[in-house]
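What follows is a single structure, written as structure tokens, with notes after it.
Letters go in sequence order (proteins before strands), and every chain restarts at 1.
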There are 2 protein chains.
Amino acid sequence: MAEVNIKYLAAKLKLSPSTVSRALNDSYEISQPTKERVVAMAKELNYQPNPFARSLREQKSKTIAVIIPERINNFFSQVIDGIEEITQEYGYHLLVYSTHENVETERKIVSYLLNGRVDAIVMSVSSQTKKTDHLETVFEKAVPLIFFDRICQEIPTTKFISNDYENGFKATIHLIEKGCKRIFFLMLSKEISIGKERLRGYQDALKKHGLPYEENWIVQCSQSEEANIKLIAKILYGLDRPDGILASVEKLAIATYHAARETKLEMPKDFKMVSFSNMKIAGLLKPSLTTISQPAFEIGSEMAKLLMKKLTKPNQPAFENKVIQMPSQIDFRESSN
Amino acid sequence: MAEVNIKYLAAKLKLSPSTVSRALNDSYEISQPTKERVVAMAKELNYQPNPFARSLREQKSKTIAVIIPERINNFFSQVIDGIEEITQEYGYHLLVYSTHENVETERKIVSYLLNGRVDAIVMSVSSQTKKTDHLETVFEKAVPLIFFDRICQEIPTTKFISNDYENGFKATIHLIEKGCKRIFFLMLSKEISIGKERLRGYQDALKKHGLPYEENWIVQCSQSEEANIKLIAKILYGLDRPDGILASVEKLAIATYHAARETKLEMPKDFKMVSFSNMKIAGLLKPSLTTISQPAFEIGSEMAKLLMKKLTKPNQPAFENKVIQMPSQIDFRESSN
DNA sequence: AATATTGATGCAAACGATTTCGGGTCAAAG
DNA sequence: CTTTGACCCGAAATCGTTTGCATCAATATT
């Protein structure tokens with residue numbers, strides 16, 4: 001408990017706390033010899049400035065909050081790795097929260113962060129998020145905010161996504177070219193942005209090829225893995241079952257694999273599938289999965305660069321209200337062949 | 001910027017800051033009507049106490065650091081989910097750091113945390129960690145510390161692992177029973193604790209069945225995925241190639257899948273494999289993978305419970321120097337059949 | 001030679017909360 | 001009529017930094 005603080009250091013050096021502080025911060029007001037003396041003593045006593053005192057005084061925390069819908073997800077893990085890559089250089093810390101796709105949790109987390117605990121928030125909204133008043137509050141309180149992947153269009157700030165529309169389109173065209181006529185679209189929720197964009201791409205691709213589609217081809221799944229498997233299995237059992245599936249998120253592709261096992265249907269013979277996914281082992285699945293993978297790490301590092309610029313340089317403007325698209329990569333594999 | 005603080009609240013209510021503080025903290029010294037008036041006003045103005053002022057005064061941060069070797073790993077993600085499940089009930093925050101299996105990074109991270117920024121540290125050491133002086137410093141500074149999975153025996157605190165020895169043993173026996181005679185053991189590094197325990201189990205199982213093994217059957221892999229694939233492929237190409245593999249961590253099992261592709265060898269025909277892994281989709285691989293999966297979520301939540309007890313109750317003793325084992329589960333699948 | 005300037009340092013206030021100490025009121029008890 | 005104690009509240013110190021302003025000596029300027 002005998003913490004070595006700046007006062008203790010000052011006493012040891014027979015200087016005032018202010019001089020010590022300035023010396024450690026390399027102020028021009030302090031003479032070179034004094035600086036060296038102070039720095040040496042600080043090192044010797046292993047002095048570590050108290051972060052809270054500093055934060056209180058400076059009104060900044062050197063901490064950034066990252067809010068994601070789920071942790072067990074390669075995409076989000078990679079994004080965080082990308083963020084950390086940049087922020088750690090600047091000595092920033094990362095508070096990571098998972099909403100577990102629950103809006104109430106999301107609201108609670110956000111409310112914890114409005115008191116200055118973090119200097120900025122990076123988030124991907126939950127699939128249940130429809131009302132966005134809690135996010136507007138963040139914006140109004142002038143806490144720098146960046147969205148990625150699951151973005152919130154209503155808030156005028158910078159958002160990072162990949163070319164979702166284009167890839168929804170391309171993936172659908174790919175399935176069509178492979179001979180699919182009845183392509184179903186699996187999505188988590190009508191609310192989330194990426195779902196919508198990918199869906200638009202899907203719809204436009206069908207339209208372009210003059211393929212009609214039924215409303216019930218657009219399947220809304222839930223949070224429960226089991227329920228999703230059941231739902232998809234039911235669809236696969238149906239008389240009017242799909243010969244192609246576009247899964248808008250990884251977990252639905254996995255549910256489809258399980259459903260295919262249950263129904264004893266085989267990809268790509270009985271139906272083909274393409275999925276948005278950042279799974280590294282997509283190529284090792286049976287059958288290997290055709291994926292559209294986002295540049296997750298780069299999305300993270302780009303966001304962090306933007307943040308660091310804003311937070312470490314003086315007089316930075318607020319984030320522009322724009323959407324930055326980073327291209328995904330499509331890897332064709334057995335599941336759609 | 002017009003932050004509503006306790007002084008502002010006090011002025012509005014024509015009370016002193018101390019009374020407001022007491023009222024909000026439900027002190028017995030404040031009359032019921034006053035309390036209600038204060039709480040109502042606080043709610044109306046959406047007052048949020050400044051966390052740094054509080055932390056500075058209270059000398060605690062309500063924040064816990066979680067340090068893991070890598071983020072893109074189901075096991076660690078699940079552990080963090082388990083930790084969060086408990087800590088969020090208590091209003092604690094989680095700072096998450098990845099060492100990327102790098103000791104230097106680990107040292108740096110740890111040094112950032114010695115100034116009171118966090119109330120406790122939960123960690124799994126990097127595979128490169130051999131010298132442990134930086135961890136001893138944490139212990140000496142009396143920052144509560146818990147290890148899990150990759151533990152550090154030298155530090156006298158509580159550690160959480162699963163029954164690694166037993167499972168290394170069982171997995172090896174299983175391979176032997178399936179007819180394997182030349183079982184190789186893949187590990188990340190000789191340093192890490194779990195590797196050692198799992199290795200002991202492997203060795204004892206062989207010994208029990210009177211099977212000799214060569215020193216070079218114990219394969220030390222690296223951090224580079226590519227290098228690992230090459231190394232394993234080379235082993236599979238060898239004349240004295242294995243007919244069984246026990247992978248002590250998930251990423252080596254995956255590397256083995258890739259190596260098998262390269263060498264055109266097929267599991268389980270040409271060789272069988274069992275791996276420690278928390279992959280959810282082990283059953284969807286080709287071939288599906290026999291796994292030993294740790295109760296990751298429970299390890300996380302148990303650690304968090306212990307932490308919360310220590311941090312929220314008065315006069316708690318330091319963590320006992322003991323290792324708590326939580327049983328893993330083995331799922332037999334095609335790869336070892 | 002008197003004054004202005006510069007350089008190096010110290011004093012004290014501030015950041016926003018909690019808490020120790022102490023003061024005042026009022027009713028019941030002595 | 002005083003004493004006691006319960007009850008309610010405010011002033012001020014405190015946590016560890018940073019920083020505006022004051023101080024004081026030495027040097028530069030006129």
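When each of A:V96, A:V66, A:L94 is checked for a side-chain contact (heavy atoms from CB on, under 4.5 Å) with B:V96, only A:V96 meets the rule.
Atom-to-atom, NZ of A:K60 to P of C:dG16 comes out at 15 Å; the value is rounded to the nearest Å. Rounded to an integer number of Å, the gap from B:K62 NZ to C:dA17 P is 16 Å. Between the CG atom of B:L9 and the P atom of C:dT18 there is a distance of 11 Å, given to the nearest Å.
From one end of the helix from C:dA1-D:dT30 to C:dG30-D:dC1 to the other, with five pairs defining each end axis, the axis direction shifts by 70° (rounded to 10°).
Of the possible polar contacts, one joining the A:T157 side chain to the A:L145 backbone as a donor-acceptor pair under 3.5 Å is found. A distance-only check finds a donor-acceptor pair linking the side chain of A:K35 to the backbone of A:S27 [under 3.5 Å]. B:S55 places no side-chain N or O within donor-acceptor distance of the main-chain N or O of A:F52, the cut-off being under 3.5 Å. Of the possible donor and acceptor atoms, one in the side chain of B:S124 sits under 3.5 Å from a partner among the backbone N and O of B:F148.
Pairs passing the salt bridge (charged side-chain N to carboxylate O under 4.0 Å, His left out) check and including a residue from residues 49-76 of chain A, sequence neighbours excluded, read A:E70-A:K251, A:R71-B:D81, A:R71-B:E84. Applying the salt bridge (charged side-chain N to carboxylate O under 4.0 Å, His left out) test to residues at least two apart or on different chains, the pairs with a partner in residues 91-102 of chain B are B:E101-B:R150. For residues 308-326 of chain A, the set of pairs meeting the salt bridge (charged side-chain N to carboxylate O under 4.0 Å, His left out) definition, not counting sequence neighbours, comprises A:E320-A:K322.
Shown for residues 36-48 of chain A: residues whose heavy atoms fall under 4.0 angstrom of DNA chain D, namely A:Y47, A:Q48. Contacts of residues 108-120 of chain B with DNA chain C (heavy atom under 4.0 Å): none.
Of all nucleotides in DNA chain D, those with any atom nearer than 4.0 Å to a heavy atom of chain B start and finish, going 5' to 3', at D:dC8 to D:dG16.
Take B:E191 and apply the side chain to side chain contact (heavy atoms under 4.5 Å, CB included) test, not counting sequence neighbours, and it matches B:K130, B:S189. Partners of B:S61 according to the side chain to side chain donor-acceptor pair (under 3.5 Å) rule, which considers only residues two or more places apart in sequence or in another chain, are B:D119. Residues passing the side chain to side chain contact (heavy atoms under 4.5 Å, CB included) test with B:T19, sequence neighbours excluded: B:L15, B:S16, B:I30, B:T34.
Of the side-chain N and O atoms in A:S31, one or more sit less than 4.0 angstrom from OP1 or OP2 of C:dT9.
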Pairs under 3.5 angstrom only: tabulate donor-acceptor contacts from the side chains of residues 106-118 of chain A to other protein residues two or more places apart or in another chain.
{"residue": "A:E106", "atom": "OE1", "partner": "A:S126", "partner atom": "N", "Å": "2.8"}
{"residue": "A:E106", "atom": "OE1", "partner": "A:T129", "partner atom": "OG1", "Å": "3.2"}
{"residue": "A:E106", "atom": "OE2", "partner": "A:T129", "partner atom": "OG1", "Å": "2.9"}
{"residue": "A:E106", "atom": "OE2", "partner": "A:H134", "partner atom": "NE2", "Å": "2.8"}
{"residue": "A:R107", "atom": "NH2", "partner": "A:D133", "partner atom": "OD1", "Å": "2.8"}
{"residue": "A:R107", "atom": "NH2", "partner": "A:D133", "partner atom": "OD2", "Å": "2.6"}
{"residue": "A:S111", "atom": "OG", "partner": "A:K108", "partner atom": "O", "Å": "2.8"}
{"residue": "A:N115", "atom": "OD1", "partner": "A:R117", "partner atom": "N", "Å": "3.3"}
{"residue": "A:R117", "atom": "NE", "partner": "B:H93", "partner atom": "NE2", "Å": "3.3"}

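Counting all heavy atoms, side chain and backbone alike, A:F160 lies closest to A:T158 at CE1-CG2, 3.8 Å.
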Open item on the list: Could you go through A:Q223 and A:S127, starting from their C-alpha distance and side-chain angles, then the distance that decides it, and tell me whether this counts as side-chain hydrogen bond (donor to acceptor under 3.5 Å, both in side chains)?
Closed with: CA-CA 9 Å; A:Q223 287 318 315; A:S127 58; 2.9 Å; yes

- [ ] Going 5' to 3' through nucleotides 10-15 of chain C, assign each nucleotide B (protein heavy atom under 4.0 Å from a base atom), S (under 4.0 Å only from sugar-phosphate atoms) or - (no protein heavy atom that close).
- [x] BBBBBB

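Counting non-hydrogen atoms under 4.0 angstrom, B:S55 reaches nothing in the nucleic acid.
For the pair B:R22/B:S18, a side-chain contact is recorded, criterion being any heavy-atom separation below 4.5 Å from C-beta on.
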